[in-house]
Structure formats: structure tokens, C-alpha cells
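Contents: one structure, followed by commentary.
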Amino acid sequence: MNPAMHLSSNGAYGADCIAPGRLDITRSATLRPMSELLNKHIVLGLSGGIACYKAAELCRALVKQGATVQVVMTEAAAQFITPVTMQALSNRPVFVSQWDAREPNNMAHINLSREADAILVAPASADFMAKLLHGRADDLLSLMCLARPLDRVPLLLAPAMNREMWSHPATQRNMAQLRADGAHVLGVGQGEQACGETGDGRMLEPNELLHEVIKVFAPKPLLGKQVLVSAGPTYEALDPVRGITNLSSGKMGFALAQAAALAGAHVTLVAGPVALATPFGVKRVDVRSALDMHAAVMAQLPQADVFIATAAVADWRPAQAASQKIKKDGSGQMPVIGWVENPDILAEAAATERALKGDVFCVGFAAESHDVLAHAQAKLARKKVPLIIGNIGSDTFGADDNALLLVDAQGAAEWPRAPKTELATRLVAEIAKRIQRS
Ligand code: C5P
């Protein structure tokens, strides 16, 4: 093994980890893809409802993540989507009846629930939840839910129904009791419904449900912690139609926000102008300029246990943005623009009383074109933070993968090129380890 790539087994980074001058974080090997759902066996239950059509997409998404999926449908669900479709997508015959003779012992409800790592019922109709609540078991899906080992197989319910049915006291009462009985009753979406009405009660989207399942299996090293992440570029207006920005895509910061949320943290993401979807379970605050980002971060900082500054903040802003579009005057001369330095958000956060006491762990990023180690070490000292993550700007901006160099007071360690989502999960686990130690 290349000693420059070695991360000591106790998780500490020794100064000897990197041989200066041999650093090449652009040509490292790719890490093996990781997934919380790899080799997990998910029983996907469908009860009757128009949202059954979304279960097809969900099934595909689970399989793509490396899970095996066993579909169990009620008779009512089979009115909305055929078992043929679900069999083709899950690559397994679907179970509909408790009298299915394919099981040698004729106990499908026992076999299916014992094999499962989790059961997800999506859609869970109002009637199906009412039935579960009473422990009724007159079809295979409800029978299997009742027979599941309570201590070992989590049950997730994704409600889907008309808004009046959703807000009915009976449904709300049933859901409260199901939660008390140990089920994870998920939320619902809001919007236009198949019946033509608008309101609460739509089933969550397949991607949201996928994250709910991942969350069940994800380790929770940041459980209950407050994590603040800044991400993306800033935009400094020159006039109403032009401005100064940079090529930061925000992908690393968004991946970190997602990983921290899956690790059990309450996450606030302060995002510069990017067109990325809000990570699942994350509170997002959109900002435009460095001053906006500064204000948003400082407002959230008093609650934060961790601040991860991934944003590529503009160093300078025009002293005065013109109120009207700046026009050419024919002189061939570019108008003179005065510049003012922006506040260094990370350095200011690291200098707060809470950070100095060790109550907020600040992490910075250094996007460089060369000499990553030296520049990251200089930033570590200048910003007085315990950890700086170095990377090559041109390799990371807009890309879905990256290679990182972790630099702290003890030394540095190289993390080879891998998907940003994977690096984010690893970095969140690393930060969790460091805050536990401090
Ligand atoms: O100072 P420089 O931009 O090189 O440092 C990069 C790190 O500092 C990143 O973590 C970035 O989010 C943060 N930063 C900041 N406020 C600035 C400039 C950079 O928080 N004005």
C-alpha cells in the first residue's frame, strides 16, 4: 500500500500519512460504492389506492440501491396495479394470498416476515391502517404485519388518501396509536389529489420514501446534533442584470447536508444560488450574496454543534451595485468598480465564544489549483479551525465525485476519488468521531 494513502486504524491522522511532494489527489483509485440498502431484504406491501402507481418506481429505486424486494399486495392493490408489473420490477413472484400454495409450509406470513430486514407498506390506505391498529389479519399483508418480529423488523407505513380521510379524527387517532405500537408512520405530501381536490394526504414521492428506508438502516453518529452547512457559490450583483459568481455546484455541501440528516442530525443548509433539490429531511435557507450568507449563517450558529463551510464565498463585492444596467459609453473604457472585502464567515464562526469553548466544531474547505496541502495548512492556521478539507477546484466544481485531503494540526490524510455522496457519509462519520473525542 502506498504509505501516502494510509489512514491509521485508530482514525487519527499522523503527520507521516502524507509524503509531501508525492501528493496527487487527482489520480487516486475509486472507492467501492457503499449503500445502506446493499443486500437488505425489503418487503414492499401495497394496499389499495391510486398511489399504487408510485410503488412501481419505488420498487425500482430500492432494487437500484442493492436491496432485494419482495412485493406483497392486497386484493384491492391488485385493482390499481398488476402483480405482473411488480414481479417484473422486483424480479420475484408477488404474494397476494395467504393461501398461496408455493410456500411448502403454507405459512407465507411467517416466512415473509422472518426474512425481512424491514417492511414498508406504500401505499398504506386509511382502511389498511385501521385494520392494523386492531391487530386484524384477514389477508396476507395485514397477517404478515401482525406476525412480524416487533423487536427486529421495523414497519414503515406510507399513508395515501383523500384529504378529508387524512384529516378525519379516526385516521389521526389510528396513526397516533400505530406510532405508539412501534410503527414508523411517515408523513404525507400536500397538493393536487387524484380525486381533483387539493390538500394533505398524497403519498410521499418514491425518492422520499427511499430515503425514509435508508434512514432506518443508516448509522446515527450525529443523533440529535444540530449541523449547519453552507453550500454553493455566492452572487455579487454589479447591476440589476449582471454579477460576479463562480462555478461551485453546491453538490458537496448538499451531499454533506444529506449525509448529516441520515446520520440523525437536525440540518440547516444555507445555500447560494444553485438549482439542486433540497436534501431529504433538511431545512434549507436560500441566499444570494456573501452578505446574505453571512447573515443566515450567523443567525443559525448559536444553535449549531457543527458548522461545515463548503460554500465558495466571493472574496470581494462591488462597493455599490448600480441601480440601473451599466451601459457602454463608446469610450472603450471599462467603468471603474470599487471593491469591498466580504466577511470571512468561517473565520468569524470559529472565533465565536462557543467555538472557542469547543461547543461548535468548524470545518472548512479549501478549493485549490495546486499545492493543496500547503494551502490547506495555511487556511487551518489563518481561520483557526480544527479541520480543513483540501481539494482541487477544477476537479470538484460541478463533478459528482471528488478526492479529498483532510488536514488538521496533526497532519493530513488522503481520501481517494469517490462519489461525493460516499465521501460525505464518510466525512460525517469522521466529524462525529472527532466531536465525541473533544
Ligand atoms: O478563504 P478561502 O475562500 O480560501 O477559504 C475557503 C473556506 O472558507 C471555505 O470553507 C469557505 O466556505 C470559507 N469562507 C467563508 N467566508 C468567506 C470565504 C471563505 O466562510 N468569505
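Just follow the structure's listing: the first ligand is 1, and inside any ligand the first atom is 1. Bear in mind the structure is a predicted one, so any value in this text is a computation, not a measurement.
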Quiz prompt | side-chain hydrogen bond (donor to acceptor under 3.5 Å, both in side chains) between H294 and E348, worked out | solution = CA-CA 9 Å; H294 176 261; E348 205 174 306; 2.9 Å; yes
Quiz item: Can the positive tip of K40 be found less than 6.0 Å from the middle of the six-membered ring of F217, inside 45° of the ring normal?
Solution: yes
Quiz item: K420 side chain to T396 main-chain N or O, any donor-acceptor pair under 3.5 Å?
Solution: yes
Quiz item: Once the angle between the rings of H211 and F280 is folded into 0 to 90°, is it parallel (under 30°), tilted (30 to 60°) or perpendicular (over 60°)?
Solution: parallel
Quiz item: What is the nearest protein non-hydrogen atom to atom 17 (C) of ligand 1, stated with its residue, atom name and distance?
Solution: V313 CB, 3.5 Å
Quiz item: Counting heavy atoms only, which of I308, I389, V363, L346 is nearest atom 20 (O) of ligand 1?
Solution: L346
Practice problem: Measure the distance from atom 7 (C) of ligand 1 to every protein heavy atom, then report the residue, atom name and distance (to 0.1 Å) of the closest one. | Solution: F365 O, 3.0 Å
Self-check item: Nearest-contact summary for atom 5 (O) of ligand 1 - protein heavy atom, Å
Solution: K383 NZ, 3.0 Å
Quiz item: Do the non-hydrogen side-chain atoms of E212 and H184 ever get within less than 4.5 Å of each other?
Solution: no
Quiz item: Just distances here: any N/O of A314 and N/O of ligand 1 closer than 3.5 Å?
Solution: no
Quiz item: Which part of A367 is near ligand 1, with near meaning a heavy atom under 4.0 Å away: side chain, backbone, both or neither?
Solution: neither
Quiz prompt | Numbered atoms and elements of ligand 1 in range of K379, under 4.0 angstrom, heavy atoms | solution = 2 (P), 4 (O), 5 (O)
Quiz prompt | Contact check: A309 vs ligand 1, nitrogen or oxygen atoms, below 3.5 angstrom | solution = yes
Using distance only, find each side-chain donor-acceptor pair of residues 44-62 under 3.5 Å and give its atom names and separation, not counting sequence neighbours.
{"from": "S47", "atom 1": "OG", "to": "P123", "atom 2": "O", "distance (Å)": "2.7"}
{"from": "S47", "atom 1": "OG", "to": "S125", "atom 2": "N", "distance (Å)": "2.9"}
{"from": "K54", "atom 1": "NZ", "to": "M203", "atom 2": "O", "distance (Å)": "2.8"}
{"from": "K54", "atom 1": "NZ", "to": "E205", "atom 2": "OE2", "distance (Å)": "3.0"}

Practice problem: Go through ligand 1 atom by atom and flag the ones less than 4.0 Å from a non-hydrogen atom of P343. | Solution: 16 (N), 17 (C), 21 (N)
Quiz item: Measuring from the heavy atoms of A311, does anything fall under 4.0 Å of ligand 1?
Solution: yes
Quiz item: What distance separates Q377 CD from L405 CG, expressed to the nearest 0.5 Å?
Solution: 8.5 Å
Quiz prompt | Sub-4.0 Å atoms of ligand 1 with respect to non-hydrogen atoms of G364 | solution = 10 (O)
Quiz item: Regarding T171 and N174, is there a side-chain donor-to-acceptor distance under 3.5 Å anywhere?
Solution: no
Exercise. Can you pull out the closest protein heavy atom to atom 3 (O) of ligand 1? Residue, atom name and distance to 0.1 Å, please.
Key: D315 OD1, 4.1 Å
Exercise. Please report which non-hydrogen protein atom sits nearest to atom 16 (N) of ligand 1, along with the residue it belongs to and the distance in Å to one decimal place.
Key: I345 N, 3.0 Å
Practice problem: For a side chain to side chain donor-acceptor pair (under 3.5 Å) with K251, tell me which candidate from T421, N402, D401, D400 qualifies. | Solution: D400
